[in-house]
Number of protein chains: 2
Amino acid sequence: MSENPADAERSGPRVRTDPTVPEAEAFVSAALDRGSLVTLFGRCTVEYDGRAASELESGERHLMLKPDGTHLVHTDSGQQPVNWQPPGSDHECRIESDALVIESVRTAPDERLAATVTDVAHAAAFDVDDEASVDLVGSEADLKRRILESPGLVEEGFTPLSTERETPAGAVDVYGEDAEGRTVVLELKRRRVGPDAVGQLKRYVGALGRDLHADAEVRGVLVAPSVTGRAEELLAEEGLEFVPLTPTG
Amino acid sequence: MSENPADAERSGPRVRTDPTVPEAEAFVSAALDRGSLVTLFGRCTVEYDGRAASELESGERHLMLKPDGTHLVHTDSGQQPVNWQPPGSDHECRIESDALVIESVRTAPDERLAATVTDVAHAAAFDVDDEASVDLVGSEADLKRRILESPGLVEEGFTPLSTERETPAGAVDVYGEDAEGRTVVLELKRRRVGPDAVGQLKRYVGALGRDLHADAEVRGVLVAPSVTGRAEELLAEEGLEFVPLTPTG
DNA sequence: ATTTCGATCTCGTTT
DNA sequence: AAACGAGGTCGAAAT
């Protein structure tokens, strides 16, 4: 297919509605070569093989092909794509048995997604200009910042000494000492936590206890907005503590 | 905006290229009322407030509005949307200061995503017909099936007794006994595992030990394709075992 | 390249 | 509604 004159003139999106399969193949192929973001809507089957394997029978779906290799297959419900291929893949498209096959492949791990589109209802190609990146507030990093600025929020007399303290069990979130000079390990979570975080904290406390003198007392404190019932039991069982605190004031 | 005659005739997607903001507002509003899947491409800013809070400065992005309330904002890279709103939200669109504002709101938790589109390059609405669901192979459920069919894969003489065994720490993946009649707890993972899975297994073994007689010996076995170094250390430290096995033969 | 852990994790299941 | 764990988790930082 030769370049559509209407496309050459404009700088905006290129669009085809109800193209034939050969038209769609030429359109998508050219758009991928140009490094555009490509979207398609139509009836297709989808096959995945790699870390697992999956089959998706014929239905209408929305496909998105990103220039970084991402391939997303969306239905009309759910936040997550029904099928996908991660960034780093190579997109290829071809015609096979009168259908448009779009295949995205990557290595390490070896995996492959193939969408076979029998009816293309719509195709579009966008050249994306986006320099901005998202500015987020309310993460665990914000909780850490809040504690370092106001250590008294954890408890009267708490003094942070390090946020990079390495242990054989990994790096602890915040390492410091209390008013009596006892070692304190903080495990931070931005939201309500379950038993997993208690396990993590326990590993840090144990590893740090072995790292220091045998007679050293190490306190473990979980800092989060709240804890579940099971996590509370585990905390008591392990002699660990909890301080309620949110990432934002 | 009155219904475009070309739209009424066709059953396929409805499309607008380079609409004015009022045209786009009417188009999106009608499509949302119809329960269509709506996509837009254009220059916008995005604001989120809820579980956290974020700002995204002006740039070109792809928006997807699903009839279930999902709102996805994609850039030209990355598998994940740069901003989003989960299913269960209500979409609303309006004009504000010559821009198209699309806001998706939900409660429990209270959160809100608003995209302010200053230039609409493309808008489309699709009525999705998709009955099929994905058929996946290679999950943890497949690994469990494989073990129940061939318990000898775990070890000679292993006998599964239950896959629903409840403990105070939750339900164990597989509960059984070895050739000597000792209780065995299996924790299954479909892929290479880190320290978290060891912690999980340890909780089950501990809970089951307390549940049974005080003198009962409970073996804990992690079944997965492989383990990381730190997980291996933890296994040894806790007296737990590892059996290499993949979900698929 | 691998390991580790956070995430506005999402999603399903069960209580 | 809350809790709990899986996920083809993804993504980023550290090693």
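Only this structure's heavy atoms are used, side chains among them; waters, hydrogens and symmetry mates stay out. We name chains A, B, ... by the order of the sequence lines, and we start the count at 1 in each one.
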Peer 1: For C/dA7 and D/dG7, measure between their C1' atoms and round to the nearest Å.
Peer 2: 14 Å

Peer 1: Would you give a per-nucleotide map of nucleotides 5-15 of chain D, 5' to 3', where B means the base has a protein non-hydrogen atom under 4.0 Å away, S means only the sugar-phosphate does, and - means neither?
Peer 2: SSSBBSS----

Peer 1: Are the side chain of A/Q85 and the backbone N or O of A/E103 linked by a donor-acceptor pair below 3.5 Å?
Peer 2: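 Answer holds: no.
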
Peer 1: Ion pair present between B/R94 and B/E92, side-chain N to carboxylate O less than 4.0 angstrom?
Peer 2: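 No, B/R94 and B/E92 are not salt-bridged.
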
Peer 1: Could you tell me whether B/E237 and A/R203 make a salt bridge, using a distance below 4.0 angstrom between a side-chain N and a carboxylate O?
Peer 2: no

Peer 1: Can you label the angle between the A/H71 ring and the A/H91 ring as parallel, tilted or perpendicular, going by 30° and 60°?
Peer 2: perpendicular

Peer 1: Which value, in whole Å, describes the distance between the C1' atoms of nucleotides D/dA14 and C/dT8?
Peer 2: 25 Å

Peer 1: Reading DNA chain C in the 5' to 3' direction, which nucleotide is the first one with an atom under 4.0 Å from a heavy atom of chain A, and which is the last?
Peer 2: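 It runs C/dC5 to C/dC11.
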
Peer 1: Between B/T118 and B/R43, do the side chains contain a donor N or O and an acceptor N or O under 3.5 Å apart?
Peer 2: no

Peer 1: May I ask you to verify if any side-chain N or O of A/R192 is less than 4.0 angstrom from the OP1 or OP2 atom of D/dA2?
Peer 2: no

Peer 1: Whether A/K144 and A/D173 form a salt bridge (side-chain N of Lys/Arg under 4.0 Å from carboxylate O of Asp/Glu) is what I want to check.
Peer 2: no

Peer 1: Can you spot which of A/L186, A/T167, A/L208 makes a side chain to side chain contact (heavy atoms under 4.5 Å, CB included) with A/Y175?
Peer 2: A/L208

Peer 1: Knowing that exactly one of A/I102, A/V73, A/V105 qualifies, which makes a side chain to side chain contact (heavy atoms under 4.5 Å, CB included) with A/L113?
Peer 2: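 Of the listed options, the one satisfying the test is A/V73.
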
Peer 1: Sticking with atom C1', work out how far D/dG8 lies from C/dT14, rounded to a whole angstrom.
Peer 2: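 Each nucleotide's C1' atom is 25 Å from the other's.
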
